[in-house]
Amino acid sequence: MPYKFTFDLSKVPRFFFTEIARVSYQKGMHKTFLSTLQDIIKKFRIQEATGLNVSDAVVLLQDLIDLQAVNLMERKKFLQAKKRALFLPHCSRKYMDSRCKAFFDSSIPSYTCAHCSKDCLVNKADRLAKEKGYDVYILPGASCVPKILKTNRYEGVVGVACGEEIRLSGAVLGGMDVAGQAIPLIKNGCANTAFNMETLVKVL
Ligand code: SF4
């Protein structure tokens, strides 16, 4: 949980994320970027929905926009990638205790989902990605990424994580010439984090 604040964007309208994508196109094109961010925060009542103060909300939006901009730049290369992997955060598992039947293999290092709960977000994402031919890893953190990429020569990687972890992994991917697509968490924290399945379906 690298942010100094927690957030939950799950109650923010879907249009908010479309707006983020739109603004990512405009980034750098005008000098009123900060005021555009503040307008978006106001328009979507982000402070009311999340309890964040303006400066934390700006940090969060800035990260979301940076991430969308990189996604757009990498999209063409990613679509050409033949060997792909999906990295999921372990904190999105339904359970973080022994009720989760996933097996952790420290030699990879990754959890393997045992599909114990139908309504587990990680379970759903794991099944969907495997159907599409992806290798799936459920990671305790971004520090696992270099080892996995050194062992397996993936051409494209989809990563679900919070902003800071995405930045760390993005640097590793860039250094290894792997095309990345990032999906930000819409709810952060140490457990019960969430991402949007609709977004994942579109990206895979
Ligand atoms: S479905 Fe998979 S990830 Fe979710 S709680 Fe069960 S074993 Fe863990």
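Excluded from the calculations below are hydrogen atoms, water molecules and symmetry mates; all remaining heavy atoms, backbone and side chain alike, are included. Counting starts at 1 for both ligands and their atoms, in listed order. Start at 1 with the first residue, then count along the sequence.
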Could you go step by step and tell me if Asn71 and Arg75 meet the side chain to side chain donor-acceptor pair (under 3.5 Å) rule? CA-CA 6 Å; Asn71 279 355; Arg75 188 66 185 163; over 6 Å; no
Between Asp126 and Arg93, is a salt bridge (charged side-chain N to carboxylate O under 4.0 Å, His left out) present by the stated rule, with each step listed? CA-CA 11 Å; Asp126 180 87; Arg93 289 175 295 158; over 6 Å; no
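Atoms OG and NE2, from Ser110 and His90 in turn, are 11.0 Å apart once rounded to the nearest 0.5 Å. In this structure, Lys150 NZ and Met176 CE are separated by 6.0 Å, a value rounded to the nearest 0.5 Å.
Phe104 is linked by a ring pair (Phe, Tyr, Trp, His ring centres under 6.0 Å) to Tyr111, counting only residues two or more places apart in sequence or in another chain.
If you look at ligand 1, the protein residues with a non-hydrogen atom under 4.0 Å away are Arg93, Cys100, Lys101, Ala102, Cys113, Ala114, His115, Cys116, Ser117, Cys120, Val122, Asn123.
With salt bridges taken as basic N to acidic carboxylate O contacts below 4.0 Å, one links Asp63 and Arg167.
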